[in-house]
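Okay, structure first, notes after.
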Amino acid sequence: MTNAIEQDSLFIGGGWRSPEGSGRITVISPNTEQALGSVPEGAEGDIDAAVAAARAAFTDRSGWGGWTAAQRADAMERLADELDKRSADLAQAVSSQNGMPIAIAQQLEAVFPQLLLRYYAGLAREYPFEETRPGLLGGSTLVTAEAVGVVGAIVPWNFPQALAAFKYAPGLAAGATFVLKPSPETVFDSYVFAEAVAAAGIPDGVINIVPGGRELGAYLVAHPGIDKVAFTGSSAAGRSISEVCGRLFRPVTLELGGKSAAIILDDADLDLAKIGEQIFGATLLNNGQTCFLGTRILAPAARYSEVVDTLTGLAASLQVGDALDPTTQIGPMATSRQRERVESYIAKGKGDGARLTTGGGRPEFTEQGWFVEPTIFADVDNNYAIAQEEIFGPVLSIISYDGDDDAVAIANASDYGLGGSVWTSDHDHGVAVARRIASGTVGINAYLPDPTAPFGGIKASGIGRELGPEGLAAYLVKKSIYL
Ligand code: NAD
């Protein structure tokens, strides 16, 4: 099945199954605007079959459902090995579909899942899945942590492999089983992943994959056979999913949008030779299509023009081009709809009176592809739409502040709270400011989520945490047996 661009079956119950419906998902290349191929569009009957297969695997006491944590860990390591063998295919599939620069896909999409699988395999081996506690009233209590059951996992197109692994890696460590619904924009990589799952000897039905759009996602979320929903995507979809899960008393993890602040403190080193790569990673990674990016740059009034010049210089220097070119730093937007959205925000920024210092249009090198120039707006008020709403493109807003209190107040004046960064030459000063930012994660002089630490948001950026031991706990249910 690897890399074949026309697929006829779905990975359900450990094998390749004919789809229930006749619908197809066609993926268009963001680089060339040409069709790359197609796969079956999952139908409700496919979700039913996938949920049934996941349930059967979960309850199979002589198979997955009866495996020890050490057996699961071994299988996870085998899956990591199989993904390693396919890392080039995975990177290629992701970049060709969503426009992620291939160098970034090779560093993240083709590597992060294996990192997580191996980390959680290690955690599974040592995790206290049960303990006996002495009771206060005499006797004792056996406290067990059992897998939550069948998980409906829904992922977006921006990091389809890594964000799926954020869910299945801790989930497999816990003993859960999965119905994974990839986004219709990124489906081919899920076939490479399925091949790795089969080759790794993960028991049938533990991971099932049904690509489809939001209606299919909604069907999965509300399905009576699902025990937990793990979602990454927009805040709008997250709101609707949390309403359904609330009604059903269904546990849900929501990793949603962001509009984070990158606070440049007055003592920051702005030498791009030293910090250019880190600033790029924290503000523009993956063509600006990354949830945690610090897209509001908060600059001290005394150094405002210096910050504007630095960011303008960085954005203007970036190599924009075909995502599959290894030298590309900014590829195209994932879809034409996404480019329209980004361009509409650029128009709003201009209309609101922000000052465009670079970019703002489409690059001239090609007529094809959904490209947008890296764009910097200066003189932005934090109330402007470009400062309050998630653009999800290579567009940064630079906002002036006066003193740390003002910087923190502006950073926190947002509906979101996912990422953020503080730039300073004084470590303690940076940490002190980071503590005051209302957000689930903050980086100092860089931003890169650490697999061992909880990742997630507050406010409209979501509920719950992925990664770290906290990410494993999200797939476990505690039970007390009073002895
Ligand atoms: P989206 O919400 O439109 O879609 C995400 C996924 O959810 C897709 O698979 C889609 O088919 C499905 N979906 C949409 N509506 C649904 C519904 N009502 N019920 C069930 N499933 C539904 O988001 P997108 O445009 O694909 O991705 C971009 C968004 O994802 C951005 O807002 C970005 O910030 C967010 N994101 C968040 C994180 C994070 O960890 N917090 C990471 C990456 C992306």
Side-chain angles (χ1 to χ4, degrees), residues 25 27 41-42 44 47 94 97-100 108-109 112 152-167 179-187 189-190 209-223 226 229-245 248 250 252-260 285-295 333-342 345 389-393 414-420 439-441 447 449 454-467 471 474:
I25 295 171
V27 182
E41 179 177 18
E44 292 183 358
I47 292 284
V94 170
Q97 294 173 100
N98 74 0
M100 177 185 296
L108 296 177
E109 283 287 278
F112 223 76
I154 298 176
V155 292
W157 43 259
N158 62 339
F159 288 89
Q161 285 300 311
L163 294 172
F166 274 39
K167 297 162 183 54
V179 178
L180 172 66
K181 191 204 76 62
S183 228
E185 292 81 3
T186 42
V187 290
D189 53 300
S190 76
I209 304 173
V210 188
R214 64 185 50 192
E215 282 177 18
L216 194 75
Y219 183 76
L220 175 62
V221 166
H223 198 286
I226 292 291
V229 173
F231 175 77
T232 299
S234 62
S235 297
R239 176 169 285 119
S240 138
I241 289 169
S242 71
E243 284 169 3
V244 173
C245 290
L248 296 171
R250 183 162 291 174
V252 60
T253 310
L254 301 168
E255 299 286 2
L256 309 176
K259 191 73 198 180
S260 304
L285 183 78
N286 193 20
N287 318 332
Q289 299 175 139
T290 309
C291 52
F292 57 64
L293 294 177
T295 49
M333 301 296 91
T335 61
S336 66
R337 185 167 39 89
Q338 187 62 23
R339 179 168 68 174
E340 278 168 28
R341 176 187 165 91
V342 174
Y345 275 108
E389 296 170 26
E390 187 178 47
I391 299 174
F392 231 49
S414 170
D415 289 341
Y416 295 104
L418 181 60
S439 172
T441 62
Y447 183 101
F455 173 83
I458 61 169
K459 301 191 273 184
S461 293
I463 295 174
R465 293 291 179 269
E466 295 187 308
L467 305 186

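As a basis for the values below, the full set of heavy atoms in this structure was taken, side chains included, without hydrogen atoms, waters or symmetry mates. Indexing begins at 1, ligand by ligand and atom by atom, following the structure's order.
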Looking at every non-hydrogen atom in both residues, tell me the closest pair between [X] and [Y] and how far apart they are.
| X | Y | answer |
| --- | --- | --- |
| R250 | A222 | NH1-C, 3.4 Å |
| V221 | L248 | O-CD1, 4.3 Å |
| S234 | F231 | O-CE2, 3.7 Å |
| S190 | I209 | O-CD1, 3.6 Å |
| L256 | L418 | O-CD2, 3.8 Å |

Would you mind listing which atoms of ligand 1 come within a distance below 4.0 Å of any non-hydrogen atom of [X]?
| X | answer |
| --- | --- |
| S183 | 8 (C), 9 (O), 26 (O) |
| A237 | 2 (O), 14 (C), 15 (N), 16 (C) |
| G257 | 32 (O), 34 (O) |
| F231 | 2 (O), 6 (C), 7 (O) |
| L256 | 34 (O), 36 (N), 37 (C), 38 (C), 39 (C), 41 (N) |
| S240 | 18 (N) |
| T232 | 5 (C), 36 (N), 37 (C), 38 (C), 39 (C), 40 (O), 42 (C), 43 (C), 44 (C) |
| K181 | 8 (C), 9 (O), 10 (C), 11 (O) |

_Donor-acceptor pair, distance only, cut-off 3.5 Å: does the side chain of E109 make one with the backbone of Q161?_
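Side chain of E109 to backbone of Q161: a pair is present.
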
_Any donor-acceptor pair under 3.5 Å from N287 side chain to Q289 backbone_ =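 Such a contact is absent between N287 side chain and Q289 backbone.
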
I need the contact type for [X] against ligand 1. Using non-hydrogen atoms and a strict under-4.0 Å cut-off, is it side chain, backbone, both or neither?
| X | answer |
| --- | --- |
| F159 | neither |
| F166 | neither |
| F292 | neither |
| L163 | side chain |
| P156 | both |
| L418 | side chain |
| I241 | side chain |
| Q289 | neither |

*Below 4.5 Å, heavy atoms only, C-beta onward: do T295 and I391 meet side chain to side chain?*
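A side-chain contact under 4.5 Å is absent here.
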
*Would you indicate whether the side-chain heavy atoms of L285 and L108 approach each other to under 4.5 Å?*
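Touching, per the 4.5 Å side-chain cut-off.
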
_What's the separation between atom NE2 in H223 and atom CD in E44, rounded to the nearest 0.5 Å?_
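The distance works out to 8.5 Å.
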
_Nearest-0.5 Å distance, CG of residue D415 to OG of residue S235_ =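 D415 atom CG to S235 atom OG measures 8.5 Å (nearest 0.5 Å).
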
_N/O separation below 3.5 Å, S234 to ligand 1_ =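 Yes: some nitrogen or oxygen of S234 is under 3.5 Å from one in ligand 1.
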
*If you measure only the distance, is there a donor-acceptor pair under 3.5 Å linking the side chains of K167 and T232?*
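Yes - a donor-acceptor pair under 3.5 Å links their side chains.
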
_Options E390, E466, R214, ranked by nearest heavy atom to atom 16 (C) of ligand 1, top entry_ =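 It is R214 that holds the nearest heavy atom.
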
*Could you pull out, from C291, A218, A162, P160, the option with a heavy atom nearest to atom 42 (C) of ligand 1?*
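Ranked by closest heavy atom to atom 42 (C) of ligand 1, first place is C291.
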
What protein heavy atom sits nearest [atom], and how far off is it?
| atom | answer |
| --- | --- |
| atom 12 (C) of ligand 1 | I154 CG2, 3.6 Å |
| atom 35 (C) of ligand 1 | G233 O, 3.1 Å |
| atom 43 (C) of ligand 1 | N158 ND2, 3.1 Å |

Got a list of side-chain donor-acceptor pairs under 3.5 Å for residues 179-186, not counting sequence neighbours?
residue: K181; atom: NZ; partner: G212; partner atom: O; Å: 2.6
residue: S183; atom: OG; partner: E185; partner atom: OE1; Å: 3.1
residue: E185; atom: OE2; partner: R337; partner atom: NH2; Å: 3.4

_Sub-4.0 Å protein heavy atom next to atom 30 (O) of ligand 1_ =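 There is a protein heavy atom less than 4.0 Å from atom 30 (O) of ligand 1.
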
_Looking at ligand 1, is there an atom of it that comes within less than 4.0 Å of some heavy atom belonging to G462?_
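So G462 does not count as touching ligand 1.
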
*Report yes or no: does a heavy atom of G213 sit under 4.0 Å from some atom of ligand 1?*
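Contact present.
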
_Stepwise side-chain hydrogen bond (donor to acceptor under 3.5 Å, both in side chains) check, E389 with Y345_ = CA-CA 9 Å; E389 296 170 26; Y345 275 108; 2.5 Å; yes

